[in-house]
Every structure is written in structure tokens, then in C-alpha cells.
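Atoms considered below: every heavy atom in the structure, side chains included; atoms not considered: hydrogens, waters and symmetry mates.
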Amino acid sequence: MSIKLNEKFLEGFVGAHEIEYMKPFAEVAFGLLDKGVGQGNDFHGWYTLPEDYDKEEFARIKVAAEKIKKSSDVLVVIGIGGSYLGARAAIEFVKSPLYNNLKKDTPDIYFAGNNISTTALTELLSICEGRDISVNVISKSGTTTEPAIAFRVFKSLLVKKYGEGGAKERIFVTTDKARGTLKKFSDEAGYETFVVPDNVGGRYSVLTAVGLLPIACAGVDIDALMQGAADAKRDYSTADLDKNTALRYAVIRNILVRKGKNSEILVGYEPYMLMLNEWWKQLYGESSGKDGKGIFPNSVIFSTDLHSLGQYIQAGQRNLFETVISVENSGAEFTIPEDPANVDGLNFISGKSLDYVNKTAMLATLIAHNDGGVPNVLLELSDRGAHSLGYLFYFFELACAMSGYLLGVNPFDQPGVEAYKKNMFALLGKPGYEDMKSALEKRISDK
């Protein structure tokens with residue numbers, strides 16, 4: 001296995017007998033998913049995806065990525081939520097959070113359409129000025145406000161710069177297979193299209209064309225990424241809690257929330273984990289936060305955030321637990337130099353690797369937070385390569401789905417996401433929302 005679940009820092013918080021008591025419930029949760037009979041089963045295509053994906057489209061993705069790499073200085077990826085978080089997480093985890101600043105033979109990759117910020121859009125347009133650009137717009141419908149605005153802008157830019165024919169060669173669309181505004185428009189315009197599968201929800205879509213095209217453009221080995229996920233699928237094909245680490249993690253989370261630990265903090269010790277944390281927060285937040293239930297997903301990057309949130313985690317409300325990801329080999333080495341004057345008093349660590357000091361900080365923090373009453377789940381990952389990340393993606397997706405079933409919610413819908421959209425459409429004057437607009441404006445003026 002590429003992931004080891006270390007339970008040493010759960011001692012005193014989760015007993016072996018409690019995990020034993022949960023086995024019948026775990027078997028039911030696993031069966032609901034494995035047999036495809038649980039709530040939301042029409043959206044669990046991700047479950048078999050690592051072994052049963054469209055090989056022809058996968059090959060087209062690699063061809064398109066090579067085309068983009070050869071023709072473009074910049075790839076602008078337009079999407080929101082699951083349409084961009086997985087790709088950005090993968091690029092920063094495998095390559096670097098400073099990917100765009102590195103010397104490389106792949107294009108810079110920027111993400112747009114995930115906010116409604118004037119400054120963010122105008123700054124990105126400035127970055128693109130004078131450079132060759134391609135665009136990958138990702139939207140099931142094509143009418144989601146944030147990406148639709150960004151696509152309007154960048155489509156216009158490409159047409160002005162390259163003409164209709166030239167723009168057609170630089171716009172790649174990931175959308176519904178057969179329906180929707182964006183699919184219809186793309187077919188008429190002659191853009192190359194890739195599929196957002198009907199049975200895979202956005203937050204579970206990183207291993208589809210949604211994530212794979214931008215990831216491949218960054219030079220990440222998507223064959224290894226998919227193989228990692230396939231290996232996880234194979235390893236987690238049982239309801240045995242001694243063998244299925246993802247199911248065991250789901251059970252531990254369920255035990256902890258029953259004890260009032262209703263806030264989970266995902267902890268990374270490397271800046272390259274920041275966007276992975278963001279991907280995880282959407283996956284777990286949208287999947288379990290409903291019906292008045294759920295574990296609130298938070299995240300931190302240590303040791304940085306030990307100097308901001310460390311105090312609260314150590315001694316604040318005891319309603320939280322941490323899940324810590326430790327990467328054994330982060331792919332870089334640096335030895336701390338000797339200072340003859342020893343001005344900072346740190347010569348006692350001279351000659352030691354910086355990674356050793358970082359891992360020592362992790363162990364010191366695990367012990368401190370345990371002593372402060374915080375349970376810790378430790379996930380040990382072998383390295384930050386594409387295979388390991390594919391394995392980790394699938395681990396979290398599987399654990400998330402089974403956590404939802406153990407919690408008694410549908411882990412594949414997100415009805416609450418629509419509330420703000422309806423209000424925004426009404427206030428902006430979208431046709432058909434006139435009555436709602438009047439009611440909302442009255443509420444605002446009354447306040």
C-alpha cells in the first residue's frame with residue numbers, strides 16, 4: 001500500500017473495542033457503495049473509474065496536452081469547485097506551488113473562473129499580454145456564473161488575437177457528453193471537447209478529463225496517476241477493517257464525531273500540500289455537510305500555521321481532531337549549514353537535513369496536541385509522485401463516500417450549494433426571478 005494509517009496518536013481517544021463494534025456498520029456502508037445501491041448511486045462512477053475509464057479519450061487528452069505544450073506559453077484553466085481544485089492540487093503537489101516560476105518546458109498554468117474578482121481577472125489578463133495562450137474551460141452546463149464570465153472574456157481575447165480559426169485550435173472544452181449550452185456551442189464552433197461523465201460529481205472528478213488535461217499539460221505522468229488510483233481500488237476492495245485503510249479511516253472519523261469531535265483539520269507539513277487541502281475541504285464539506293450533520297473540514301500547513309492557529313488547536317475548544325499527512329520522501333534535500341558565530345544558537349542542528357528537522361517538528365506537534373486533548377490520525381505517504389497522489393486521491397474519495405453512509409447522509413448531492421445562486425440570480429435581475437427579487441430587496445431594505 002502507498003498509504004499507512006498510523007493510529008499511535010489516537011490512543012486514549014479511540015479504543016480497539018470501538019472499532020470492533022463498528023465492523024457491522026462498516027460492512028453495510030461498504031456494501032452500499034460496492035453494490036451501487038446506496039443513496040446517490042447514480043453519481044458513483046468514480047468508484048470504478050481507475051479501472052474502467054475511456055481509454056480513447058485518455059489518449060486524446062495526452063495528444064491535446066502535447067499540442068498545448070508546443071503552442072502555448074500559458075494555459076488558462078477556467079472552472080470552479082471540483083472543476084479546478086483537483087488539477088491545481090495535483091500540479092502543486094507533484095510539481096510545485098511555484099510551478100509557474102520554475103524553469104520548465106511546459107506552459108504556465110493559471111486558474112480563472114473560480115471567483116468574481118475584478119482584480120484577479122485584470123491581473124491575469126495582464127500576465128497573458130504578449131504571450132501565446134490556450135484555454136481549457138470546464139463546466140457541465142456552461143451557465144455557471146463564475147466560469148461563464150471568465151470564458152466570455154478569454155474567448156473574446158483569443159478570437160481577437162488569433163481570429164476565429166486560430167482560436168478554435170486553442171480552446172479545449174470539458175463539458176457534458178451530449179447536452180447543455182456549452183456542449184452545443186462548442187460543437188457549433190468546432191472546439192475539441194472532453195467529457196464530464198454523467199455519473200461522476202464535480203468534487204469526485206479529478207481523475208476524469210476535468211483534472212487530467214490540465215495535469216498532463218503540467219508534465220505530470222497521468223498514466224502513473226491513474227495506476228495509483230487503480231492500485232488503491234484493488235487494495236480497498238474488501239470490507240475488512242484490517243485491510244481496507246480507507247474504510248478504517250471512515251470508521252475512526254465516525255467514532256470521533258460521535259464523541260463530539262465535529263471539526264477535522266487536515267494537516268500538511270509542506271507548502272505543496274496547500275491546494276490538496278483545499279480539494280479535500282470541498283470533497284468532505286459538500287459530501288457530508290447536510291441534514292444538520294457532518295464534520296466541519298478545516299486545514300493548516302505546519303509549521304507555518306503553528307504560529308497562527310497553533311494556540312487554538314493546542315488549548316481551544318476540544319471539539320476537533322487532526323488528520324496529518326506525512327510524506328516520507330518529498331524529493332528534495334538540503335543540509336543546514338554551520339555558522340561559526342552561532343548567532344542564532346542553532347549550531348546544534350548544523351549538518352542535519354532540513355527535512356529531518358521538519359519531521360521532528362511534526363512529531364513534537366503530534367505529541368503536544370495529543371497532550372492537549374486532540375486526537376490525531378497520521379497518514380504516512382511514501383512520496384509525492386503521481387502514483388502516490390493517485391492513490392491518495394482515491395483513498396480520500398472512498399473514505400469520504402463511506403463516511404457519508406456511516407453518518408446517514410447522501411455523500412453525492414449538494415442541495416445547499418444552490419441557495420446563494422438563486423439569490424444572486426434574482427438580485428442581478430435574471431429573467432424568471434422577478435418575484436424573488438422583490439422579496440429579497442425588501443429583506444435587504446428592512447435591515
Practice task
Answer yes or no: is there a donor N or O on one side and an acceptor on the other, between the side chain of Thr175 and the main chain of Lys140, under 3.5 Å?
Solution key: yes
Problem - Ion pair Glu192/Arg60, N-O distance below 4.0 Å - result: yes
Problem - Presence of salt bridge, Glu18 and Arg258, under 4.0 angstrom - result: no
Practice task
Examine Tyr236 together with Tyr47 and report whether their ring centres are nearer than 6.0 Å.
Solution key: no
Problem - Phe151 side chain near Ile171 side chain, heavy-atom distance below 4.5 Å - result: yes
Problem - Any donor-acceptor N/O pair, Thr122 side chain to Thr119 backbone, under 3.5 Å - result: yes
Problem - Asp221 and Lys62 ion-paired at < 4.0 Å - result: no
Completion exercise
Heavy-atom closest pair (Lys95 atom, Gly219 atom, distance to 0.1 Å) is NZ-O, 3.6 Å
Exercise for the section: Give a yes or no on whether the ring-centroid distance for Phe13 and Phe321 is below 6.0 angstrom. Expected result: no
Exercise for the section: Would you check if Glu264 and Phe296 make a side-chain contact, meaning some heavy-atom pair closer than 4.5 Å? Expected result: no
Practice task
Let me know which of Ile127, Asp108, Ile91 forms a side chain to side chain contact (heavy atoms under 4.5 Å, CB included) with Asn100.
Solution key: Asp108
Exercise for the section: Measure across Ile80 and Gly113 and return the closest heavy-atom pair with its distance rounded to 0.1 Å. Expected result: CB-O, 3.5 Å
Handout entry: Heavy-atom side-chain contact between Leu256 and Pro375 under 4.5 Å
Key = yes
Exercise for the section: Please say whether more than 12 non-hydrogen atoms of neighbouring residues, nucleotides or ligands are located less than 6.0 Å from CD in Glu129. Expected result: no
Handout entry: Under 3.5 Å donor-acceptor, Arg170 side chain and Ser71 backbone
Key = yes
Exercise for the section: Decide, yes or no, whether a salt bridge links Glu7 with Arg248 under the criterion of side-chain N to carboxylate O below 4.0 Å. Expected result: yes
Exercise for the section: State, with a plain yes or no, whether a side-chain heavy atom of Ile68 is found less than 4.5 Å away from one of Phe172. Expected result: yes
Exercise for the section: Mark yes or no for whether Ser287, through its side chain, and Pro411, through its backbone, hold a donor-acceptor pair below 3.5 Å. Expected result: yes
Problem - Identified side chain to side chain contact (heavy atoms under 4.5 Å, CB included) partner of Ile78 from the options Phe154, Phe111, Tyr84 - result: Phe154
Handout entry: Side chain proximity check, Leu389 to Phe393, heavy atoms < 4.5 angstrom
Key = yes
Practice task
Give a yes or no answer on whether the side chain of Tyr405 reaches the backbone of Gln39 with a donor-acceptor pair at less than 3.5 Å.
Solution key: yes
Practice task
Check for a donor-acceptor pair, side chain of Asp413 on one end and backbone N or O of Pro415 on the other, with a separation under 3.5 Å.
Solution key: no
Problem - With sequence neighbours excluded, residues passing ring pair (Phe, Tyr, Trp, His ring centres under 6.0 Å) with His17 - result: Tyr21
Exercise for the section: Indicate yes or no: at least one non-hydrogen side-chain atom of Lys261 is less than 4.5 angstrom from one of Arg318. Expected result: yes
Handout entry: Expected output: side-chain Tyr284 to main-chain Cys400 donor-acceptor under 3.5 Å
Key = yes
Problem - Ring-ring centroid check Phe412 Tyr204, cutoff 6.0 Å - result: yes
Exercise for the section: Verify the neighbour count for atom CD of Gln311: are there more than 12 heavy atoms of other residues, nucleotides or ligands below 6.0 Å? Expected result: no
Exercise for the section: Evaluate whether atom NZ of Lys8 has more than 12 neighbouring non-hydrogen atoms of other residues, nucleotides or ligands under 6.0 angstrom away. Expected result: no
Practice task
Would you check if Leu398 and Trp46 make a side-chain contact, meaning some heavy-atom pair closer than 4.5 Å?
Solution key: yes
Problem - Side chain His369, main chain Ile313, donor-acceptor under 3.5 Å - result: no
Handout entry: Under 3.5 Å: donor-acceptor pair, side chain of Asn6, backbone of Leu378
Key = no
Problem - Side-chain heavy-atom pair Ser2, Asp231 within 4.5 angstrom cut-off - result: no
Handout entry: Sidechain N-carboxylate O distance under 4.0 Å for Glu66, Lys70
Key = no
